[in-house]
Amino acid sequence: MTLRIGNASGFYGDRFDAMREMLTGGELDVLTGDYLAELTMLILGRDRLKDPGAGYARTFLRQLEECLGLAHERGVRIVANAGGLSPSGLADRIRELADQLGLPVRVAHVEGDDLTPLHPGSLAAHAYLGGFAIAACLREGADVVVTGRVTDAALVTGPAAAHFGWGPTDYDRLAGAVVAGHVLECGTQATGGNYAFFQQGDVRRPGFPLAELHEDGTAVITKHPGTGGFVDVGTVTAQLLYETQGARYAGPDVTARLDTVRLTQDGPDRVRISGVRGEAPPPTLKVGLNRLGGFRNEVAFVLTGLDIEAKAALVRDQMEPALAKAAEVRWDLVRTDRPDAGTEEAASALLRLVVRDANQEIVGRALSGAAIELALASYPGFHVLAPPGKGSPYGVFEDVYVPHGAVGHVAVLHDGRRLPVAPAQESAVLDDPPAPPLPEPLPEGPTRRAPLGLIAGARSGDKGGNANIGVWARTDEAWRWLAHTLTVDRLRELLPETAELPVTRHDLPHLRALNFVVEGILGEGVAAQHRFDPQAKALGEWLRSRHLDIPEALL
């Protein structure tokens with residue numbers, strides 16, 4: 001008995017017509033959509049400040065206007081976290097839509113994640129809930145289930161638990177569904193999107209992924225026939241490493257052991273996931289807190305031709321009086337210039353100034369006035385990419401933890417009944433497992449200076465202020481070299497931005513992978529815009545571009 005679960009959204013703003021594509025492209029039992037991220041919760045919180053009736057993903061409702069009838073006709077259930085800060089409000093809008101369309105659709109929603117009243121000063125404080133309220137809604141006949149903040153994988157574990165009758169202590173089965181859910185959650189990242197070896201196939205318009213789940217927790221990741229992109233062990237490995245940390249991948253329902261995952265190619269565009277082991281969840285639930293941190297402004301000065309560093313020093317000296325009162329000032333000189341360049345742009349560097357303060361006036365008019373006044377009074381060739389504005393608010397993300405019993409996890413059914421979901425029956429403190437043994441190193445031999453990316457893939461992402469960089473080898477021989485070569489110290493050498501930060505390496509030999517967690521590199525989270533790449537999306541690609549002495553036998 002197979003349960004086919006597809007995904008039609010990896011973020012709020014993903015491809016609008018994906019829902020229709022998934023409903024018409026092949027067989028499905030359940031269609032999920034992931035619309036929430038740390039930054040999205042902040043955006044929805046700001047929306048709610050302007051309009052108390054807002055707070056959910058409006059795109060999802062517009063997609064249903066086109067596709068709700070299609071889903072009903074084909075018997076596909078829809079599960080999405082598009083409820084954001086107002087799952088009940090979105091559920092009401094969907095019921096109104098169903099009435100307008102004359103569809104007998106039963107809509108349920110999940111409540112209990114909103115802890116904002118308990119955290120004064122936060123714009124949105126929401127606990128990450130598991131999948132058992134989703135399961136309760138589906139068991140009671142819901143056709144559409146919308147949630148607020150649940151874990152991304154809960155969109156898969158909930159339908160799987162409902163379909164197969166899993167209980168809260170079926171840890172291995174739940175862990176298998178968590179792994180499948182983690183692969184699906186970011187949509188086309190599992191089918192060739194954002195993939196290190198993207199040139200292996202046509203990824204101009206990758207299709208969205210689906211999972212064929214089985215009662216024992218195993219799954220096959222695939223996609224609808226004829227859609228773009230591709231699914232292989234590499235694309236699935238890349239997504240498994242995305243935004244994870246150690247070998248234990250904790251959630252509110254189960255802790256999945258990523259070090260037990262086995263991936264095998266099961267045919268064209270089919271990857272089988274097996275061997276996943278699960279453990280009791282940790283004793284606490286993660287709560288994401290979003291608050292406004294103050295105001296931010298920036299200006300990028302363009303420095304062209306000769307004397308780049310002297311020009312940068314001059315403008316810094318000239319701007320210093322206007323910046324004296326700012327709480328935080330950051331300068332970055334980006335040397336994109338080349339000597340004897342054939343175009344003006346190629347001869348230019350960027351001097352980026354970012355200013356933050358609780359007072360909008362300090363980062364707004366004071367900064368913009370000082371920068372504009374230099375137009376005729378600074379370095380030769382003075383100009384900026386764009387004039388600074390009045391300053392914009394920025395957000396801060398942090399996570400805290402509460403006991404399972406601190407939230408009222410409730411399934412609210414289509415007929416108004418409310419079914420409480422009990423907290424986890426068992427829990428286990430989350431510790432890192434013992435490090436697995438390393439493979440035998442490669443024998444000594446000739447080497448060549450070359451980019452790491454010739455033999456290894458990488459994918460990186462953000463979790464609050466931390467970033468992870470998952471690196472995997474494509475062959476057993478490359479893994480033997482990678483496991484002994486890419487140490488924490490070597491990573492710090494290759495990525496100097498990490499040199500002074502805590503870095504932890506986790507080994508995942510079954511995936512031929514290493515996962516590095518870099519603490520604090522993203523400051524106070526993506527909404528704070530702490531660095532050039534605020535979500536660490538390209539940190540892995542930077543690492544792949546760095547040169548090492550690589551055995552010639554691998555090249």
Side-chain angles (χ1 to χ4, degrees), residues 186 189-190 192-200 203 233-247 258 332 334-336 435 438-439 441-442 447-509 511-523 526 530-552 554-555:
C186 287
Q189 280 196 169
N194 299 353
Y195 182 51
F197 304 106
F198 65 95
Q199 297 179 80
Q200 286 182 200
V203 295
V233 169
T235 65
V236 175
T237 298
Q239 179 54 29
L240 269 182
L241 295 172
Y242 181 62
E243 292 184 342
T244 58
Q245 298 188 43
L258 298 183
D332 290 296
V334 185
R335 296 300 301 265
T336 53
L438 295 180
L442 284 182
T447 63
R448 189 193 320 159
R449 197 77 175 167
L452 174 64
L454 293 183
I455 63 164
R459 179 166 285 169
S460 54
D462 64 310
K463 280 295 181 186
N466 302 338
N468 90 293
I469 311 169
V471 187
W472 76 95
R474 307 180 77 186
T475 66
D476 290 339
E477 291 75 17
W479 165 241
R480 290 170 62 187
W481 175 81
L482 184 71
H484 291 277
T485 302
L486 195 56
T487 62
V488 168
D489 287 342
R490 180 63 60 85
L491 181 90
R492 288 192 171 113
E493 292 173 10
L494 296 172
L495 305 184
E497 283 187 59
T498 70
E500 303 301 323
L501 299 172
V503 178
T504 306
R505 177 179 125 162
H506 303 278
D507 300 354
L508 301 170
L511 299 177
R512 296 193 297 236
L514 306 172
N515 198 9
F516 295 89
V517 178
V518 184
E519 298 180 31
I521 193 170
L522 303 180
V526 55
H530 179 72
R531 66 189 296 271
F532 166 69
D533 175 16
Q535 289 182 282
K537 294 288 191 181
L539 203 55
E541 285 301 292
W542 178 26
L543 177 63
R544 292 183 69 237
S545 74
R546 299 309 307 269
H547 288 219
L548 296 86
D549 294 323
I550 299 175
E552 288 188 354
L554 301 178
L555 296 171

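Counting begins at 1 with the first residue of the sequence.
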**Q** Find the distance between CD1 (Ile455) and CH2 (Trp479) and round it off to the nearest 0.5 Å.
**A**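 The CH2 atom of Trp479 is 12.0 Å from CD1 of Ile455, to the nearest 0.5 Å.
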
**Q** About how many Å separate CD of Glu519 and OG1 of Thr498, when rounded to the nearest 0.5 Å?
**A**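 Thr498 atom OG1 to Glu519 atom CD measures 12.0 Å (nearest 0.5 Å).
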
**Q** State whether the side chain of Asp549 and the backbone N or O of Thr447 hold a donor-acceptor pair below 3.5 Å, judged by distance alone.
**A**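 Looks like no, no N/O pair under 3.5 Å.
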
**Q** To the nearest 0.5 Å, what is the distance between NE2 on His547 and CG on Leu494?
**A**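 With rounding to 0.5 Å, NE2 (His547) is 10.5 Å from CG (Leu494).
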
**Q** Can Arg512 and Asp476 be counted as an ion pair, charged N to O under 4.0 angstrom?
**A**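 Judged by the 4.0 Å cut-off on N to carboxylate O distance, Arg512 and Asp476 do form a salt bridge.
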
**Q** Holding to salt bridge (Lys or Arg N to Asp or Glu O under 4.0 Å), I want the full list of residues that pass it with Glu243, two or more places apart in sequence or in another chain.
**A**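 Result, salt bridge (Lys or Arg N to Asp or Glu O under 4.0 Å) vs Glu243: none returned.
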
**Q** Could you tell me whether the side chain of Leu452 reaches within less than 4.5 Å of the side chain of Leu482, counting heavy atoms only?
**A**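 Heavy-atom side-chain distance check passes, below 4.5 Å.
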
**Q** Any side-chain heavy atom of Gln239 within less than 4.5 Å of one from Tyr195?
**A**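 Side-chain contact under 4.5 Å: no.
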
**Q** Should Leu241 and Val471 be marked as a side-chain contact (heavy atoms from CB on, under 4.5 Å) after you check the CA-CA gap, both sets of side-chain angles, and the distance that decides it?
**A** CA-CA 8 Å; Leu241 295 172; Val471 187; over 6 Å; no

**Q** Roughly how far, to the nearest 0.5 Å, is the CG atom of Asp462 from the CG atom of Leu522?
**A**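 It comes to 6.0 Å.
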
**Q** Would you find a donor on one side and an acceptor on the other, under 3.5 Å apart, between the side chain of Ser460 and the backbone of Ala536?
**A**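 Yes.
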
**Q** Can you find a pair of side-chain heavy atoms, one from Phe516 and one from Asn468, that are under 4.5 Å apart?
**A**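 Sidechains of Asn468 and Phe516: no contact.
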
**Q** Quick check: do Leu495 and Leu543 have side-chain heavy atoms less than 4.5 Å from each other?
**A**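 With C-beta onward as the side chain, the pair touches.
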
**Q** Is a donor on one side and an acceptor on the other found under 3.5 Å between the side chain of Arg480 and the backbone of Pro439?
**A**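 Not at all, since once roles are kept as given, no pair shorter than 3.5 Å links the two residues.
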
**Q** State whether the side chain of Asn194 and the backbone N or O of Gln189 hold a donor-acceptor pair below 3.5 Å, judged by distance alone.
**A**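 Not a single qualifying donor-acceptor pair exists.
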
**Q** Any donor and acceptor pair, going by atom type alone, linking the side chain of His484 with main-chain N or O of Leu442 inside 3.5 Å?
**A**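 Side chain of His484 to backbone of Leu442, a donor-acceptor pair under 3.5 Å: no, none is there.
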
**Q** Please, which pairs that meet salt bridge (Lys or Arg N to Asp or Glu O under 4.0 Å) have at least one residue in residues 493-508, sequence neighbours excluded?
**A**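 Passing the test, one end in residues 493-508: Arg490-Glu493, Glu497-Arg531, Arg505-Asp507.
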
**Q** What pairs with Trp481 under side chain to side chain donor-acceptor pair (under 3.5 Å), at least two apart in sequence or on another chain?
**A**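 Side chain to side chain donor-acceptor pair (under 3.5 Å) check on Trp481 returns Thr485.
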
**Q** Examine distances only and state if a side-chain atom of Arg492 and a backbone atom of Leu501 form a donor-acceptor pair shorter than 3.5 Å.
**A**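 Yes.
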
**Q** Taking the six-membered ring for Trp, are Trp472 and Phe197 parallel (under 30°), tilted (30 to 60°) or perpendicular (over 60°)?
**A**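 Geometry flag for Phe197 against Trp472: perpendicular rings.
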
**Q** Nearest 0.5 Å, what's the CG-CG distance between Leu454 and Leu554?
**A**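 Result: 10.5 Å between the selected atoms.
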
**Q** Do Leu258 and Thr244 touch side chain to side chain, with heavy atoms closer than 4.5 Å?
**A**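 Answer yes - side chains close enough.
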
**Q** Going by the rule salt bridge (Lys or Arg N to Asp or Glu O under 4.0 Å), which residues pair with Glu477 if we only count those two or more places apart in sequence or in a different chain?
**A**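 Salt bridge (Lys or Arg N to Asp or Glu O under 4.0 Å) check on Glu477 returns nothing, list empty.
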
**Q** Holding to side chain to side chain donor-acceptor pair (under 3.5 Å), I want the full list of residues that pass it with Arg544, two or more places apart in sequence or in another chain.
**A**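 Arg544 satisfies side chain to side chain donor-acceptor pair (under 3.5 Å) with Glu541 once adjacent residues are dropped.
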
**Q** For a 4.5 angstrom cut-off between non-hydrogen side-chain atoms, does Asn466 reach Val518?
**A**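 No, every pair of side-chain atoms sits at 4.5 Å or beyond.
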
**Q** Among all residues two or more places apart in sequence or in another chain, which pass the side chain to side chain donor-acceptor pair (under 3.5 Å) test with Arg474?
**A**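 In terms of side chain to side chain donor-acceptor pair (under 3.5 Å), with neighbours along the sequence ignored, Arg474 is linked to Gln200.
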
